[in-house]
Amino acid sequence: MSSNIKKIGVLTSGGDAPGMNAAVRAVVRSCSYFSIDCVAIYKGYQGLIDDQVKPMSARGVNNIINRGGTVLKTARCLEFITPEGRLKAFKTVQKHKIDALVVIGGDGSFTGAMIFQSEFNFPVIGIPGTIDNDIFGTSHTIGYDTALNTVIEAIDKIRDTAISHNRLFFVEVMGRDAGHIALNTGIGAGAEEILIPEENMGLDRLLESLKKSEKSGKSSSIVVIAEGDKTGKNVFEIAEYVEKYLPHYEVRVSVLGHIQRGGSPSCFDRVLASRMGVFAVESILNGKSNVMVGVENENMILSPLEKAIKGKSKINNDLIRVSEILSV
Ligand code: F6P
């Protein structure tokens, strides 16, 4: 592979996701494999602005593939939104003679990367790392699979206590404006109902469905609610509403929160992150820029960053159908 790229910088940005470390490791080791330098930028774009840059070697990423979080730290950097902030970042890039950037993060991080690329004509490539799976151009984002497994484990535990007390539980899961986590874990954990932003079932239908469940002999129930659902009420308000109209139900709420972002990455996420990291470096060396790596039907693909940001990652409608059939 012949290329003008002699040094790549790698950073993690936005919300952390399990598997980000595996992606960092893959980027660093691929650089070493192709005999180019690699530097780590700490705390996302903030580290570019503040010059928190350190050389990375293949051995420097030993024993991180199994670790959750990100060893490079991360941030949602407001200063990078300003032209002044980005100029400071560009000066850091010049100072360290970095020829291209690999940005591991979500759509906010990619928006920053795209603007940076166009302002300074600087090569950037994105690796999708977020538990939300809300990025267009990849069937899976790094961290999503691990988050699904974490949620399933938590709901299984909630079910034990729900059954013991004959209770109705409302479990709120993350996902920002997307319902992928809720829909998949709802089916996987056998939830009676699943509320997602993509399909507003409305509170009346929820009441009807819970009444039906009760009549059919269910003594406890689990409802999974995506944090971004569009009923116009938060999980506590929904619980209160249901308790008001179905007073015989003993209702409890569980907001799973940030446990969904932590923990050791699943094998799936480690392999995905490893493949994406290698492909990102290979793509840069092949002259690609302003693109995001993704996976579709087991194959690695590239999509323009703009599409990744603006496109909509779609919910699989068959999953909605399956969940309706199985909640009988
Ligand atoms: O994007 C990942 C995510 O965990 C979302 O699911 C959630 O809405 C958000 O980040 C929470 O952000 P923060 O950690 O800044 O509270």
Side-chain angles (χ1 to χ4, degrees), residues 11-23 43-47 68-81 103-113 126-155 170-186 188-189 194-198 224-236 238 253-266 269 272-273 276 292 294 305 308-315:
L11 61 84
T12 51
S13 166
D16 62 330
M20 279 185 164
N21 285 328
K43 277 195 110 179
Y45 292 122
Q46 196 61 52
T70 161
V71 293
L72 299 189
K73 312 279 178 172
T74 185
R76 302 193 199 277
C77 176
L78 294 179
E79 205 180 341
F80 198 70
I81 296 173
V103 174
I104 306 168
D107 53 358
S109 312
F110 294 162
T111 304
I127 295 182
T130 165
I131 63 164
D132 301 335
N133 207 36
D134 58 349
I135 310 270
F136 183 83
T138 187
S139 63
H140 290 78
T141 55
I142 296 169
Y144 172 56
D145 181 68
T146 307
L148 292 182
N149 292 321
T150 301
V151 172
I152 283 285
E153 202 183 324
I155 300 181
F170 289 92
V171 182
E172 186 194 272
V173 299
M174 280 186 169
R176 207 177 281 278
D177 298 319
H180 297 287
I181 296 180
L183 185 55
N184 282 272
T185 58
I194 306 165
L195 270 56
I196 54 171
E198 292 83 351
V224 175
I225 304 186
E227 65 175 345
D229 98 289
K230 295 283 189 290
T231 51
K233 292 187 188 295
N234 68 36
V235 65
F236 293 98
I238 295 174
V253 171
S254 187
V255 177
L256 297 188
H258 287 78
I259 62 160
Q260 294 164 91
R261 286 231 302 255
S264 181
S266 64
D269 275 330
L272 178 68
M276 285 182 167
M292 180 195 82
L305 277 181
I309 297 158
K310 293 194 179 147
K312 191 110 187 72
S313 74
K314 289 216 176 78
I315 282 289

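Indexing begins at 1, ligand by ligand and atom by atom, following the structure's order. Here the structure is a predicted model, which is why all the values come from computation and not from measurement. Keep in mind that the numbers below use all heavy atoms, side chains included, and drop hydrogens, waters and symmetry copies.
In terms of heavy atoms, P265 sits closest to G68 at CD-N, 4.0 Å. Of all the heavy atoms in A308 and M292, the pair that sits closest is CB-SD, 3.7 Å. Closest of all the heavy-atom pairs between A226 and I196 is CB-CA, 4.1 Å.
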If you look at each N/O of ligand 1, which protein N/O atoms lie under 3.5 Å away, and at what distance?
residue: ligand 1; atom: 1 (O); partner: D132; partner atom: OD2; Å: 2.6
residue: ligand 1; atom: 1 (O); partner: R176; partner atom: NH2; Å: 3.4
residue: ligand 1; atom: 4 (O); partner: R261; partner atom: NH1; Å: 2.8
residue: ligand 1; atom: 6 (O); partner: D132; partner atom: OD1; Å: 2.7
residue: ligand 1; atom: 6 (O); partner: G175; partner atom: N; Å: 3.2
residue: ligand 1; atom: 6 (O); partner: E227; partner atom: OE2; Å: 3.2
residue: ligand 1; atom: 8 (O); partner: E227; partner atom: OE1; Å: 3.4
residue: ligand 1; atom: 8 (O); partner: E227; partner atom: OE2; Å: 2.5
residue: ligand 1; atom: 10 (O); partner: R76; partner atom: NH2; Å: 3.2
residue: ligand 1; atom: 10 (O); partner: R176; partner atom: NH2; Å: 3.4
residue: ligand 1; atom: 10 (O); partner: R261; partner atom: NH1; Å: 3.1
residue: ligand 1; atom: 12 (O); partner: R76; partner atom: NH2; Å: 3.0
residue: ligand 1; atom: 14 (O); partner: H258; partner atom: NE2; Å: 2.8
residue: ligand 1; atom: 14 (O); partner: R261; partner atom: NH1; Å: 2.9
residue: ligand 1; atom: 14 (O); partner: R261; partner atom: NH2; Å: 2.9
residue: ligand 1; atom: 15 (O); partner: R76; partner atom: NE; Å: 3.2
residue: ligand 1; atom: 15 (O); partner: R76; partner atom: NH2; Å: 3.3
residue: ligand 1; atom: 16 (O); partner: H258; partner atom: NE2; Å: 3.3

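Evaluation of the ring-ring contact (aromatic ring centres under 6.0 Å, His included) rule for F110 yields no partner, not counting sequence neighbours.
Between Y45 and F80, the ring planes lie parallel to each other; the angle is under 30°, not in the 30° to 60° tilted range.
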**Request:** Evaluate side-chain contact (heavy atoms from CB on, under 4.5 Å) for D132 paired with T141, printing each intermediate quantity in order.
**Result:** CA-CA 8 Å; D132 301 335; T141 55; over 6 Å; no
